[in-house]
Student: 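Sharing a structure with you now.
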There are 6 protein chains.
Amino acid sequence: MKITRRSEFSASHVCANPGWTPERNREVYGVTSNPNGHGHNYILDVTVEGTPDPLTGMVMDLKRLKEIINEEVVDPMDHRFLNREVPPFDRVIPTTENIAREVWRRLEPRLNTANTRLHALRLYETEDLFVEYSGEAAE
Amino acid sequence: MKITRRSEFSASHVCANPGWTPERNREVYGVTSNPNGHGHNYILDVTVEGTPDPLTGMVMDLKRLKEIINEEVVDPMDHRFLNREVPPFDRVIPTTENIAREVWRRLEPRLNTANTRLHALRLYETEDLFVEYSGEAAE
Amino acid sequence: MKITRRSEFSASHVCANPGWTPERNREVYGVTSNPNGHGHNYILDVTVEGTPDPLTGMVMDLKRLKEIINEEVVDPMDHRFLNREVPPFDRVIPTTENIAREVWRRLEPRLNTANTRLHALRLYETEDLFVEYSGEAAE
Amino acid sequence: MKITRRSEFSASHVCANPGWTPERNREVYGVTSNPNGHGHNYILDVTVEGTPDPLTGMVMDLKRLKEIINEEVVDPMDHRFLNREVPPFDRVIPTTENIAREVWRRLEPRLNTANTRLHALRLYETEDLFVEYSGEAAE
Amino acid sequence: MKITRRSEFSASHVCANPGWTPERNREVYGVTSNPNGHGHNYILDVTVEGTPDPLTGMVMDLKRLKEIINEEVVDPMDHRFLNREVPPFDRVIPTTENIAREVWRRLEPRLNTANTRLHALRLYETEDLFVEYSGEAAE
Amino acid sequence: MKITRRSEFSASHVCANPGWTPERNREVYGVTSNPNGHGHNYILDVTVEGTPDPLTGMVMDLKRLKEIINEEVVDPMDHRFLNREVPPFDRVIPTTENIAREVWRRLEPRLNTANTRLHALRLYETEDLFVEYSGEAAE
């Protein structure tokens, strides 16, 4: 059984390789390489897998799940310029792919417990573009 | 090839273990333990897997799929207080997880045929919270 | 300038006139007259009108708007059986129309200030059905 | 007859009054006063009013409407840090209210023609928060 | 008090003036002038205005509203090629504007009663394009 | 890592087996067998799998992905009557299942590269009905 909780955070980012010229970055990243940054309302779906507890009928406490997502992702990233304020995005380019990896890295130790396991993340940059990630082992 | 049909039903429920005190239930289930019940517009996505029939180009007759979902799930659960009116929720706590299991139990014998097989269910309690279930064997 | 904030609450209700027979209620209200209640994820859009403050560029403090909606509507109605737990729905039938009127009655004194005025409410019972209300004067 | 076209742009902004202390700005604008900026996927609904041309059955050429919105709003604002790159937001605080006014100022001369008139704008900052504006005369 | 019900129908249409050359039609209507037709999932929001009945708390019987919309609009237009099968679109170009007018013409006599009045229609051709119509008097 | 891009196209189609009588087709396909055709706003989600390039942090160039989907699917199918204008639907019945297969056939050679692989398609005929396809090998 898998249970998924949706969260949202608004952040800005720049996608550019600091070792490249502005021209090269524009060629590879297009308008997202604008050094002043631009922003999105990111939508994050966190999917946890487990067997419902026979006593409660629940895979896990959903209030707790929400608290963990807020502590690890929403509170530190919401209303932030990722490249300047949220490590490791000072040195890792915050493409949607890399943000998903970082979210995974933050959530996995909190959600892999005796009864549950982080199964997958889905991160929407816009309504028409999202990435899915299930950890390195899954690749 | 998988084909998914979305349905909707409005129901109310209480999440509480009858063997526990109200305090303990409130601790575990929060506001959902309110004994008067509260409600949701549940959204149910039913996914059937099969190979399209070479003559019709269809995995299965979609009108038939809709009828089966209505007969087994929407008609008996829509506009009902699940705990009081829809067995087994008089004795099984109607968490989203347990509702998904019951929907699976009702639909599987109708949708596993020579050509098709119930592949997965997705049940939304709200826009931001859903469970996915593919039967016990899948766990 | 109008500013609209969306909120959500999950509640259950019964639509039936207590002075009528069950048959008559079923005729008028259909399945919504089921005395055990059924539920919805209500979506509420509150629209406030005003001129943006020249210093702040804002019609009103949005955090404050959210707090007021929570205090008056979401906190008392969320996860409740309206007919049994939220006056005046013990004596006023909680149709979507009547819930909208009660929400108006609760919000208007809080949102009609020197600079702002409650302009309209939109209340969705389901994605496909909503009412709009702008107070008695507007009718 | 009114016709509405939806567009989208992703931008970042800071809401802060430069004449105030960081503490005062934080008090008034909350997290949106973060000087590094944060971002949104803005959704813009532009509503034009007119009588359908008897020959074409159309209020206006929709391709032309889209071009005008792109030229005046989407192209200059998309993937930009509004405060730093899009006048007048170097001196006007880019609250959703003020962005709506600027969009109106840009679109009105293009859309008020012999046959059509800009009727209203709706600008969503998030799915749960939007402003509506119909020009100064309407206030 | 206004109450709005959403319906959906899938139809195909051609937008072209039969008195014009294909080149002229392509210039005015673009790809929508393709004589073979193309299709949409039209979404129709019908808004009825009235004062809730003091006995029932309802503006009108919603089942009845749905039946009327189905009889006048959904049943005759769903899964049809409007230009060939649904008068007056054999002689009136089925732009979204003209479809809205025809829907109004069909619904107004059914919904203007002692207690209710058809207030407005909203017709979506796509998620990003819709027209609103409130009858000739409103223009 | 999987990345998904959403596209949209509006087309019309007829679902009928030309070797059958109209009665038989109506029995099997219902209203979709209307020979004049009817239409939908199809929504297509294309999912590509790959490992993000360590230099760019991206699975693939998203502008390029969009161009390929436009060239192979949106440009040839948008605003078309599939049965008459888009091979192979002159001889293959354009059920949602068969359209998904054709989209796969067109996209796979373009998206299976040294670094990426077409992972899955999701094609919505309406909001409540979609198919998922991952190629023959996956069946």
Student: Okay, side chain of D:Asp61, backbone of E:Val28: is any donor-acceptor separation there less than 3.5 Å?
Tutor: no

Student: Which atoms form the tightest heavy-atom contact between E:Trp20 and D:Thr56, and what is the distance?
Tutor: CH2-CG2, 3.8 Å

Student: Considering only heavy atoms, which portion of D:Leu62 lies under 4.5 Å from any heavy atom of chain E: side chain, backbone, both, or neither?
Tutor: side chain

Student: Should E:Val131 and D:Lys2 be marked as a side-chain contact (heavy atoms from CB on, under 4.5 Å) after you check the CA-CA gap, both sets of side-chain angles, and the distance that decides it?
Tutor: CA-CA 5 Å; E:Val131 304; D:Lys2 290 169 216 146; over 6 Å; no

Student: Against chain D, label E:Ile93 side chain, backbone, both or neither, depending on which of its atoms sit under 4.5 Å from a heavy atom there.
Tutor: side chain

Student: Where on D:Thr47 is there a heavy atom nearer than 4.5 Å to chain E: the side chain, the backbone, both, or neither?
Tutor: side chain

Student: Could you check if a side-chain atom of E:Leu129 sits within less than 4.5 angstrom of a side-chain atom of D:Ile3, using non-hydrogen atoms only?
Tutor: yes

Student: Quick one: closest heavy-atom pair of D:Lys63 and E:Gly30, and the distance?
Tutor: NZ-CA, 4.3 Å

Student: Measuring from E:Phe130:CZ to D:Arg6:CZ, what's the distance to the nearest 0.5 Å?
Tutor: 7.0 Å

Student: Flag yes if more than 12 heavy atoms outside E:Glu108 fall under 6.0 Å of its CD atom; otherwise flag no.
Tutor: yes

Student: Evaluate whether atom CD of E:Glu67 has more than 12 neighbouring non-hydrogen atoms of other residues, nucleotides or ligands under 6.0 angstrom away.
Tutor: yes

Student: I need the D:Met1 CE to E:Trp104 CH2 distance, nearest 0.5 Å.
Tutor: 10.5 Å

Student: Is the shortest side-chain heavy-atom distance between D:Met58 and E:Glu97 below 4.5 Å?
Tutor: yes

